[in-house]
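Since the structure comes first, as structure tokens, the remarks are kept for the end.
When a ligand or atom number is given, it counts from 1 through the structure's own listing order.
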Amino acid sequence: MEPLLFVATIFLFIAPASSISFSEFIHPNFTASHVKFIDYGGSFLTSHNGTFKAAIVNTRSQQNSFYLCIIHVLSNTIIWSANRDTPISGSGKMNLTPKGIIISDENGNLKWSTPPLKSSVSALRLTEMGNLVLLDGFNGSLWESFHHPTDTIVIGQHLPAGESLSSAVSDYNLSTGDYSLTVGASDAELQWQGQMYWKLSMDTKAYVDSRYIVDYMAINRTGVYLFGNNGSAVVIRVVLPPSNFRIAKLDASGQFTVLRLSGSDLEQEFMGPDDGCQIPFICGRMGMCADDATSGSPSCSCPAGFHLASQNTSGCVPSDASHSLPVACNSTRKESLLNSSVVSYLRLGYGMDYFANHFFQPSTYDVNLSFCQELCSDDCSCLGIFFKNSSGSCYMLGNVLGSIMSSSTVDSDLVGYIKVLVGPTQADLNPNNSSSNQNQDFPLVALVLLPFTGFFLFAALGFLWWRRWKLHKSIDSKSGNPNTLSSGDLEAFYIPGLPQRFDYEELEVATDNFKNLIGSGGFGAVYKGILNDKTIVAVKKITNVGVQGKKDFCTEIAIIGNIHHVNLVKLKGFCAQGRQRLLVYEYMNHGSLDRILFGNGPVLEWQERFDIALGTARGLAYLHSGCEQKIIHCDIKPENILLHYHFQAKISDFGLSKLLTPEQSSLFTTMRGTRGYLAPEWLTNSAISEKTDVYSFGMVLLELVSGRRNCSPRSQSHSMDSNSSGVPSSSSSASALVYFPLLALEMHEQGKYLELADPRLEGRVTNEEVEKLVRIALCCVHEEPAIRPNMVSVVGMLEGGIPVGQPRVESLNFLRFYGRRFTEASMIEEENGQSDVTIIPRANASLTSTTTGFPTCFSYVSSHQISGPR
Ligand SMILES: *[C@@H]1O[C@H](CO)[C@@H](O)[C@H](O)[C@H]1NC(C)=O
Ligand SMILES: *[C@@H]1O[C@H](CO)[C@@H](O)[C@H](O)[C@H]1NC(C)=O
Ligand SMILES: *[C@@H]1O[C@H](CO)[C@@H](O)[C@H](O)[C@H]1NC(C)=O
Ligand SMILES: *[C@@H]1O[C@H](CO)[C@@H](O)[C@H](O)[C@H]1NC(C)=O
Ligand SMILES: *[C@@H]1O[C@H](CO)[C@@H](O)[C@H](O)[C@H]1NC(C)=O
Ligand SMILES: *[C@@H]1O[C@H](CO)[C@@H](O)[C@H](O)[C@H]1NC(C)=O
Ligand SMILES: *[C@@H]1O[C@H](CO)[C@@H](O)[C@H](O)[C@H]1NC(C)=O
Ligand SMILES: *[C@@H]1O[C@H](CO)[C@@H](O)[C@H](O)[C@H]1NC(C)=O
Ligand SMILES: *[C@@H]1O[C@H](CO)[C@@H](O)[C@H](O)[C@H]1NC(C)=O
Ligand SMILES: *[C@@H]1O[C@H](CO)[C@@H](O)[C@H](O)[C@H]1NC(C)=O
Ligand SMILES: *[C@@H]1O[C@H](CO)[C@@H](O)[C@H](O)[C@H]1NC(C)=O
């Protein structure tokens, strides 16, 4: 009796105490297997305070697949696994040798190992943060599990830029799945088989704090962060309630989740995308995802004309048995396996969308549907198209077909067409030839690359570039032009959201060797060009700033290129080759506002002026508060307001201040902005904010009212003849030289708004209509930036939703000073025949490059004078 009792006591003593019976260190030569440590659930190592343990375990439903894992003890959560793609049996072994960790099956065949190390191992340690570290004889780190994450990071762990997390196949099969989270130069993004479908900055909880190049992603007790500037600056932050323990995980479903410890459970506190239908493969291939209005969760079905595939895990197939979905060709071979005469397209209904439409530029614009389908038919990696009739945009669905989103908010103009092969046997002809979208090959590839996650990423991205290049090429060959991107121009880095990249030679041809100059601005000249696909573009050749590094340049371009608003000129692409930096914009066929407003052509009617004012205000409001990052334009003036059909205003040149290097920012303060539109704070050392743009907008608004430059001499015949009673006092001394903003202030004080309207309108405007714009304009030019309205309020006032503000005269008195100076300077100029008497503090030689032909405008300012009105 007694010996038996003794054994039982020992056992009871050991089992509950298992978490403290191991140290945080083990030393070579050490061997563990699940069977050997079965009494401890396979665990053989615990961290100092027992927060984490290392163990050889299986997961539910996987009786014969064991993995070497690091486990968070309290929540029983696996945060890392060594041999995720090569599980072993319960008697498979882990050996710690002087050369590292070796995992082998029960017959001694190698399944996984750490890479060759610099020196021999003296210990393996599991730290309190959950990091498994191989130590050398001096306790130096030889290898760390933190540097080779699987699908999870924990507090204290950094996920460096260029590296990624890869999802598991399922919650129970830890093999590498198809989703990845990659930290890029400016964001963290989710990809499915190399195609982006979400970015951290897209989330409403994410704030973009700075524009540094991202160094790494990390989580801490208060949130999720992307850090830049060598870890000292936050680039993007998601602030979460304080918690002592949390993990960030790319879960098997393709959602990036952050979980916090609550009791002994992990509780989800953040996920992206939060709309499940945005996950590319949520409903399988060709499955249709709809947000269930009642449950709020996505529900899957098949689109019309499709039914569930017989293997119900694989999504939907065409209902017509003679149609089959093609598999994309092997990407390394370009010639099509398909005979295009048997290719057909199944049209999806309205209200359908595809995730990639939001992350990839259309392959081409301004084509018709048959051309778009032909492009797809000629490309064996294309599996379908989405076509937008109004713009002729052709989106190709490439390489792997995911799920379709059904949404009521989709553009009714966007229609999808899925490529099918006609003839029942076609799909079965070569199922093995076509492997690029088949899962079974994926883990094998991933296994080889797993120790080099960076390389894996690189391969996927290289593939993306290749695809872009190929699309480009197929368009070129269509139009018979041999121009293609040279492979030498393909970059090793990848920046999400980068717009189309052009060859310098291509732009040279498009612009006929930069022949047709259509404008010039602070950053360089603008030329008209025609691309291979016959799209007309405006090409800006950046000459006035130093050459920025290609990667930095591209990072900024990606930000600018991602800003889309109907009142902002769209950046179509760019070129960064050698020292050349060019930007390619959509071409606005009605030119810029200055030409129409100040030119001798037909008079702009009041309603058109109002529409332009409202469009410009909306564009600016979007720049200031609608995009991920606040963008201050810094150079609002009629030259930068371009007009499209129906006098739709589009702001150009926004975001270009981002292209300056920090060293150039002192230059920036002097070269940006154009006299006459520059807010007073430019000339003092006050902070530049979005209110600086509000001031410039106010000045432009006044010009819209008067139809003349604020600073141009008003000719007697126009402003004075019609209404001599309204001759303002300030003009009496100097014939007809009037600083219009001052005239506006004076007429506002007298309530005589009609005096200010462009005489060419000949009364086709009422006093009330002019009053509205003039009052808004005066509020915008308040000297004190804080009491200028923001652009969102300006839009509200213009639209009528917000009452128009009452200008504060005490903050407008500086206009009297400016007006007096203006008049004096104009007189000096008349006497001397001098065109430019400007003295601007902080100015240097580059200033002259922005002179746009209205030299007297700021002549009243000099460094000692500006303190006058303050
Ligand atoms: C571990 O094993 C290797 C070879 O099996 C042997 O050379 C080495 O001395 C052993 N190390 C220790 C610490 O026992
Ligand atoms: C372990 O816990 C003790 C007390 O709870 C604490 O003082 C110590 O810092 C912890 N050690 C580590 C490595 O976290
Ligand atoms: C390494 O660390 C362990 C535990 O902290 C300590 O006992 C040992 O002395 C250290 N060895 C060296 C060479 O510093
Ligand atoms: C886990 O997933 C991989 C990849 O899909 C598959 O090859 C493997 O058979 C799965 N393992 C188990 C045990 O189901
Ligand atoms: C988490 O990191 C952010 C960014 O560096 C920092 O502001 C915050 O204080 C950190 N939180 C904790 C609890 O350390
Ligand atoms: C980055 O920071 C680390 C440690 O904080 C420092 O050793 C390193 O010199 C820094 N690198 C640069 C380029 O500033
Ligand atoms: C289809 O789904 C049902 C229930 O979801 C499952 O029981 C069955 O095994 C599945 N069939 C195949 C072939 O996957
Ligand atoms: C594509 O085909 C080439 C040659 O035919 C082959 O070497 C390569 O492994 C294939 N790639 C894939 C992903 O199947
Ligand atoms: C394509 O199919 C058509 C009709 O099925 C056939 O006449 C033609 O020869 C085929 N072309 C090729 C290149 O196989
Ligand atoms: C579509 O465009 C192509 C070339 O741009 C042209 O040849 C063809 O006739 C057009 N088709 C239709 C139906 O308009
Ligand atoms: C597509 O656009 C063309 C020209 O823009 C138009 O004539 C045609 O009616 C449109 N088709 C549809 C289906 O909207």
**OP:** Give the ring-plane orientation class for Tyr40 versus Phe37, where under 30° counts as parallel, over 60° as perpendicular and anything between as tilted.
**Re:**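 Tilted, since the angle between the ring planes falls between 30° and 60°.
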Original post:
Do the rings of Phe256 and Phe270 sit parallel, tilted or perpendicular, given the 30° and 60° boundaries?
Top reply: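 Correct class here is perpendicular.
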Subject >> Check: Phe227 ring centre within less than 6.0 Å of His158 ring centre >> reply: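 Centroid separation for Phe227 and His158: 6.0 Å or greater.
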**OP:** May I ask you to check whether Tyr197 and Tyr179 place their ring centres under 6.0 Å from each other?
**Re:** yes
Can you report which non-hydrogen protein atom sits closest to [atom], along with the distance?
{"atom": "atom 2 (O) of ligand 3", "answer": "Asn139 ND2, 2.3 Å"}
{"atom": "atom 5 (O) of ligand 3", "answer": "Phe25 CZ, 4.2 Å"}
{"atom": "atom 10 (C) of ligand 5", "answer": "Asn220 ND2, 2.5 Å"}
{"atom": "atom 9 (O) of ligand 5", "answer": "Thr222 OG1, 4.5 Å"}
{"atom": "atom 13 (C) of ligand 3", "answer": "Gly137 O, 3.4 Å"}

May I ask you to list the atoms of ligand 5 that are less than 4.0 angstrom from any heavy atom of [X]?
{"X": "Phe227", "answer": "4 (C), 5 (O)"}
{"X": "Val234", "answer": "4 (C)"}
{"X": "Arg221", "answer": "13 (C)"}

**OP:** Take the SG atom of Cys289, take the SG atom of Cys283, and say whether they are under 2.5 Å apart.
**Re:**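 No, Cys289 does not link to Cys283 through a disulfide.
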Original post:
Do the side chain of Asp251 and the main chain of Ser253 share a donor and acceptor less than 3.5 angstrom apart?
Top reply: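 Side chain of Asp251 to backbone of Ser253, a donor-acceptor pair under 3.5 Å: yes, one is there.
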**OP:** Please state whether Ala123 comes within less than 4.0 angstrom of ligand 3, counting heavy atoms only.
**Re:** no
Original post:
Counting both backbone and side chain atoms, is some N or O of Ser65 under 3.5 Å from an N or O of ligand 4?
Top reply: no
**OP:** Indicate whether the side chain of Glu189 and that of Thr182 have a donor and an acceptor atom separated by less than 3.5 Å.
**Re:** no
**OP:** Answer yes if a protein heavy atom lies under 4.0 Å from atom 7 (O) of ligand 5, otherwise answer no.
**Re:** no
Original post:
Quick one: OG on Ser180 to CG on Leu250, what's the gap to the nearest 0.5 Å?
Top reply: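 With rounding to 0.5 Å, OG (Ser180) is 7.5 Å from CG (Leu250).
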